[in-house]
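Quick notes on the structure that follows.
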Amino acid sequence: MNDSADSAPGRIVLLTTSHRVAPGLLSWPAWQALRAADRVLCADAGHPQLPYLREAGIEVEHGSATARELVDFCASGRRSAVVITSAEGESTLTDGLARLAGSGRETMPALELLPGSYDLPGARLLDLVQVMDRIRVACPWSGIRTHEDLAKYALEETYELLEAIETGDREALREELGDVLLQVVFHARIAQDDPGEAFTVDDVAGVIVDKLIHRHPHVFGEESAETPEDVRAHWMRTKAEEKGRESVTEGVPLGQPALALTAKLASRVRSQGLDVAVPAGDGIGYELLALAVRAEASGVEPETALRAAARTYRDAIRSAEGF
């Protein structure tokens, strides 16, 4: 491979594209290379870029050429060839070009790997949606699952994520976040099949995007927020406007763990400035209630604090067992 492209007999360009970017959205250097090429080839007759290239007046040969053929073509009259790579790549061609270049007996054309499109942040989420769609159609188990079938898994994965956060295991955290994300995408794919009230993962994403924008007027609007407390005030006010709730207890799920439930209720009371005495009564339940309210007022999440203490207790048990 020569150091100077100007002295090389022609040019071979391997043009890569991303299936995660809409076809036709190519970089300007890619369009320049395609329009200037004496020959454009693509081995994949179903490549998503082909209809857009034809629309742009670029003639594409369906088929592949050997390294020898392309080198000879470019050497004749200093011509250029663009090879639009498939999803699997062009290993046979690139291996052949490497052998010719490494032989020391060839005057090679300039060789260039040109990205025609780049993945944006979050692009792998598109892969997840596509994989889930295929699984839903082709997998006998996944194809018949319902929201009710999967409900327990959402809870299990959430607890596993919580454990990864508490233990500080970064590898486990990454994996468990993926498992929780799978639950969202799986439920959205099931909803897509509903005969009466179908919605898609895009609808789910659209709802949360709109919600985030609306509840962050200090970021997307004209409001100001200097402290985390200001942000929380914005959030609670806009949330109350959206939900039209009359009581601060509305929207607090009673099915959550008791300590978390108590902390949530106490947080609502405190944020609204309500004067509500903690009920007094006989039994351990009322003692735990008072402790949970006190913890929340001190900025301590009682559920998390008890889980940490429980892990210490578990370690003490294992120590007593000789482990």
Side-chain angles (χ1 to χ4, degrees), residues 16-23 25 48 85-89 115 117-194 197-216 219-220 231 235 239 251 253 255-257 259-261 263-264 301 303-308 310-311 314-315:
T16 64
T17 60
S18 171
H19 67 280
R20 305 181 190 97
V21 176
L25 296 180
T85 63
S86 64
E88 292 75 24
S117 55
Y118 300 86
D119 287 342
L120 298 173
R124 293 307 304 272
L125 294 174
L126 299 177
D127 288 347
L128 175 58
V129 172
Q130 291 177 351
V131 167
M132 187 68 252
D133 186 65
R134 183 172 178 180
I135 290 173
R136 177 68 172 172
V137 173
C139 174
W141 186 88
S142 301
I144 61 173
R145 291 308 102 191
T146 66
H147 296 299
E148 291 74 17
D149 293 335
L150 297 184
K152 63 178 181 180
Y153 299 112
L155 188 60
E156 290 173 4
E157 299 298 353
T158 300
Y159 277 119
E160 290 180 9
L161 171 61
L162 180 59
E163 183 173 358
I165 293 172
E166 292 174 346
T167 59
D169 187 329
R170 300 290 293 178
E171 184 176 349
L173 176 60
R174 182 176 61 222
E175 179 179 353
E176 298 305 336
L177 282 170
D179 289 342
V180 172
L181 180 59
L182 170 60
Q183 298 305 308
V184 175
V185 175
F186 202 164
H187 277 282
R189 184 57 185 82
I190 292 172
Q192 187 176 327
D193 294 331
D194 190 284
E197 298 180 87
F199 59 81
T200 69
V201 69
D202 287 318
D203 297 318
V204 173
V207 169
I208 192 61
V209 166
D210 292 343
K211 180 184 293 184
L212 288 172
I213 292 174
H214 183 61
R215 294 188 185 178
H216 289 78
V219 176
F220 301 99
V231 174
W235 182 276
K239 184 176 181 179
Q256 62 185 305
L259 286 178
L261 170 61
K264 188 65 175 179
E301 174 55 54
E303 186 75 24
T304 303
L306 182 57
R307 286 176 59 83
R311 285 199 304 275
R314 177 204 57 190
D315 294 341

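Everything quoted here is computed from the prediction, not taken from an experiment.
Here the CG atom belonging to Leu173 is positioned 12.0 Å from the CD atom belonging to Glu166, to the nearest 0.5 angstrom. Taken from CD1 in Ile190 to CD1 in Ile144, the straight-line distance is 10.5 Å, to the nearest 0.5 Å. Between Leu181 atom CG and Leu177 atom CG the span is 8.5 Å, to the nearest 0.5 Å. Atom CD of Gln183 sits about 8.0 Å away from atom OG1 of Thr158, to the nearest 0.5 Å. Arg20 CZ to Leu126 CG: the interatomic distance, rounded to the nearest 0.5 Å, is 8.0 Å. Between the CE atom of Met132 and the SG atom of Cys139 there is a distance of 8.0 Å, given to the nearest 0.5 Å.
Inter-residue side-chain proximity for Val180 and Glu160 is flagged as unmet; no heavy-atom pair is nearer than 4.5 Å. Counting heavy atoms from C-beta outward, Val21 and Tyr118 have side chains that stay 4.5 Å or more apart. Counting heavy atoms from C-beta on, the side chains of Arg136 and Gln192 never come closer than 4.5 Å. Counting heavy atoms from C-beta on, the side chains of Ile135 and Val131 come closer than 4.5 Å. You'll find the side chain of Arg307 reaches within 4.5 Å of the side chain of Tyr159, heavy atoms only.
The main-chain N or O of Arg170 is never found under 3.5 Å from a side-chain atom of Arg174 such that the two would form a donor-acceptor pair. Under the 3.5 Å distance criterion, the side-chain polar atoms of Asp210 are left unmatched by any main-chain donor or acceptor of Val207. With hydrogens and angles ignored, the 3.5 Å screen pairs no side-chain donor or acceptor of Asp133 with any backbone N or O of Gln130.
By the neighbour-count criterion of 12 heavy atoms within 6.0 Å, atom CZ of Arg311 is densely surrounded, having more than that number from other residues, nucleotides or ligands. In Glu163, the CD atom is not crowded: 12 or fewer heavy atoms of neighbouring residues, nucleotides or ligands sit closer than 6.0 Å.
Pairing each heavy atom of Glu303 with each of Pro257, the nearest pair is OE1-CB, 3.5 Å. The shortest non-hydrogen separation linking Ser18 to Ser117 is N-OG, 2.8 Å. Nearest approach of Arg189 to Asp193, heavy atoms of both residues: NH1-OD1, 2.8 Å.
Ring pair Tyr153/Trp141 is perpendicular by interplanar angle, where above 60° counts as perpendicular and below 30° as parallel.
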